[in-house]
2 protein chains.
Amino acid sequence: MLCYNWSMSADPSPTLEDVARVAGVSRATVSRVINETRNVAPEIQEVVRRAVIATGYVPNRAARSLVTRRSDAVGVVVAGTDLSDSLSAGQFLTDPFFGRLLTGIIGALKPRGIFPALMLAENEADDAAITAYFKQGNADGALLISTHPEERLPALLDAVGRPAVRFARPARPAPVSYVDLAHREGGRVAANHLASLGRRRPVAISGPLEIPAAQERQAGYEEGWARAGCAFVPAAEGGFTYDSGERAMKELLDRVPELDAVFAASDLMAQGAIHALHDAGRRVPEDVAVVGFDDSAPARLSRPAITTIRQPLEAMAAEMVRLLLERIDDPGAGPTSVIFDPELIVRESA
Amino acid sequence: MLCYNWSMSADPSPTLEDVARVAGVSRATVSRVINETRNVAPEIQEVVRRAVIATGYVPNRAARSLVTRRSDAVGVVVAGTDLSDSLSAGQFLTDPFFGRLLTGIIGALKPRGIFPALMLAENEADDAAITAYFKQGNADGALLISTHPEERLPALLDAVGRPAVRFARPARPAPVSYVDLAHREGGRVAANHLASLGRRRPVAISGPLEIPAAQERQAGYEEGWARAGCAFVPAAEGGFTYDSGERAMKELLDRVPELDAVFAASDLMAQGAIHALHDAGRRVPEDVAVVGFDDSAPARLSRPAITTIRQPLEAMAAEMVRLLLERIDDPGAGPTSVIFDPELIVRESA
DNA sequence: AAACGATGGGAGAGCGCTCTCCCGTTTTGC
DNA sequence: GCAAAACGGGAGAGCGCTCTCCCATCGTTT
């Protein structure tokens, strides 16, 4: 059997005490140098730094947390029960939308040396477990990403004294900061683009209308068309998923055979719609122009590539982190919010 | 301005001491009841439980960690530098493959009440930060998911006494447990399926050949065809991505115009290949049959739906968790490994 | 020259828990 | 029936840090 020098023996990590002894100073002084918490004579700082390196010292987080009452950790909570045919939290992890958000969060957290704990909240038991987790002091605050408009978590977290920042405005007032997109503006941009292409028979595939974002996109789209002289826009409701987009498109083709423009409130639904149109013998974009929403990977990769409304998810994620850390550092502050602008990305489908 | 009863005042959490006082017993007894660490008279247990509920007590994790020297946390490390045109760790997060794995990990960890910390390792600085994180006692062990065959992390983590379980066998011996798929068998199954369809002009789009899994799939595929009487299989190397699949397919169409069967080592590459075939005027599956690998969402959703080799990722993720927790609970144990079987999923493309 | 604040270091308490040791009481074995 | 063992509870040390005091040594002001 192969034998390497692995797992030699984990001799106990050096403590502050050890470093202090090596440096010939007190524990307090070493602590001050490490945390830059008070002036220390430069030559002593140097001695301490050398001792830290010599001993390979690394502070024990549990001990520090015990006294500071901070964990220097944050949680990312993905919430959402499987309502209608919308995404459940579990499925959501495979959504490219989520991947981009997570990438942004991790990147923004990295400079602080913190790695987010990932949690799924799919039911009340999960909510309880997550709340307990925070109450135990495992994390100082939460980043909430939810596919569900009704949420108990903001209130629960607030009750255990943990600030939270939500992606998207909550459906009803809740004790959370949030970061959101100007969805209405996004819908308007989609309508304007389609109108400028000379289309006159628009339809819409909206997201679940109990979600504020879906409502807003739809309202903006209708508003845009109203200004372009089209007062009524037939619409079908989907659940942001591929399948629901396909289904909604079929329904709309039945109801409005003469349609020539589609706005789907997510790229996945746009992809489903395009396939449904294809199956019905319509060409995209020649016969029907399609605009999606999000600018996720499928928009770029599918054929025809989907013209879409881009959400600057990475920047939004970074802002969420900024807001959260700000509230953790200043527990007195209340919730705030930031709204980002959407951007039209023109590709092949419209 | 609206004013709710939010953030009333975070009165300090009750401690063990408080519970003990309420229950009229000692701290030690309460601790024993909570941790079920020794026999306690049933009636006293009952009294203690009542006191815990009455006070709303929840143990402070930092204090516990300080003495147990365990954090009851684990990290999920996503590693991989951007080699050639393979996926970088950041992009990888948007990969459905990763989403499924993560879902499996979170699900398997939930019963233990632990939520994984997510970290990206894209360069040596990240490796150092991650190693320090573990050394600080933030997590007891790591689940490694890498797109990169060369890895420093297993050795680094081992050096700080933290067990690790890797997804996929490491390229060279390393102090990690791992869970993997019988990739060779998967390649063989793909070849057999295509052969049974009557195809006789096979080609392959492999993954990056420095990755063992890609090698094995390719070897199995060639072996399968060899048994079916086809000694030589033209192949092009891709990077598991959509674009690389498209490119490789174009190249193969040039080199082997008469091809009638393609095995792509990932569904994403299969999707790219199908589009390239389509652009070249070939029908799938009538003219060319295509088999992918992974059974990821694109395989199910794209048209034609892709016949593929399924990796039981959720089960594999659960096994990774099991192996890791086992090693955390028994620090004496050495690395082990488990291999899973692939499964052919027949859809439209072959 | 005396009094004073400013500066930089050390001593030591204590964060909330676990766990070893200890001791009184009950059960067991011969 | 009596020693030994087993059981169930309490006391208290101490995990590795931070942070509040406290004190010695300066430099500065009147």
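Chain letters run A, B, ... following the sequence lines, proteins first and then strands; every chain starts at 1. Computed from a prediction, not measured in an experiment: that's the story for all the values here.
You'll find that the side chain of B:N60 is closest to C:dC17, out of C:dC17, D:dG16, D:dG9. In the set D:dG16, C:dG9, D:dG9, D:dG16 carries the atom at the smallest distance from any side-chain atom of A:T15. Of the listed nucleotides (D:dC17, D:dG9, C:dC19), D:dG9 has the atom at the smallest distance from the side chain of B:I44. Each of D:dT18, D:dG8, D:dG14 was ranked by its minimum atom distance to the side chain of A:S31; first place goes to D:dT18. The listed nucleotides are D:dG8, D:dG10, C:dG9; the one nearest the side chain of B:N39 is D:dG8. The nucleotide whose nearest atom lies closest to any side-chain atom of A:V25 is, among D:dG9, C:dG10, C:dG8, C:dG10. Relative to the side chain of B:Y57, the nucleotides C:dG10, C:dC17, D:dC17 differ in distance, and C:dC17 lies closest.
Remark: A:N35 is in phosphate contact with D:dT18, judged by side-chain N or O atoms under 4.0 Å from OP1 or OP2. Between B:S26 and the phosphate of D:dG9, there is no side-chain N or O to OP1/OP2 separation shorter than 4.0 Å. Phosphate contact (OP1/OP2 of C:dG10, side-chain N/O of A:T29, threshold under 4.0 Å): present.
Using a 4.0 Å cut-off between charged side-chain N and carboxylate O, A:D140 and A:R70 make a salt bridge.
For the pair B:R70 CZ and C:dC17 P, the interatomic distance rounds to 18 Å; values are reported in whole Å. Remark: C1' of D:dG16 and CG of A:D18 are 10 Å apart, rounded to the nearest angstrom. D:dG10 atom P lies 12 Å from atom CD of B:E17, rounded to whole Å. With rounding to whole Å, B:L16 atom CG is found 14 Å from D:dA11 atom P. Whole-Å rounding puts the A:R32 CZ to D:dT18 P distance at 11 Å.
One N or O donor and one acceptor, one from the side chain of B:R27 and one from the base of C:dT18, sit under 3.5 Å apart. A donor-acceptor contact under 3.5 Å links the side chain of A:R38 to the base of C:dG8. With hydrogens and angles left out, the side chain of A:R61 and the base of D:dG16 share no donor-acceptor pair within 3.5 Å.
When the nearest nucleotides of DNA chain D are assigned to A:A28 and B:R69 by heavy-atom distance, the more 5′-ward of the two goes with B:R69. Of the two residues contacting DNA chain C, namely A:E43 and B:R64, the nearest-nucleotide position lying further toward the 5' end is that of A:E43. With the nearest nucleotide of DNA chain D identified for both B:L66 and B:P42, B:P42 has the one nearer the 5' end.
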message: Apply side-chain contact (heavy atoms from CB on, under 4.5 Å) to residues A:L143 and A:R166 and explain how you reach the verdict.
response: CA-CA 6 Å; A:L143 297 168; A:R166 194 176 191 280; over 6 Å; no
- prompt: Can you check side-chain hydrogen bond (donor to acceptor under 3.5 Å, both in side chains) on A:N138 and A:S71, steps first, answer last?
  reply: CA-CA 6 Å; A:N138 283 297; A:S71 64; over 6 Å; no
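Checking side-chain atoms of B:T29 against main-chain N and O of B:V25 turns up no donor-acceptor pair under 3.5 Å. Put simply, the side chain of B:S177 gets close to the backbone of B:T336: a donor and an acceptor are under 3.5 Å apart.
Residues A:F167 and A:Y178 keep their aromatic ring centres 6.0 Å or farther apart.
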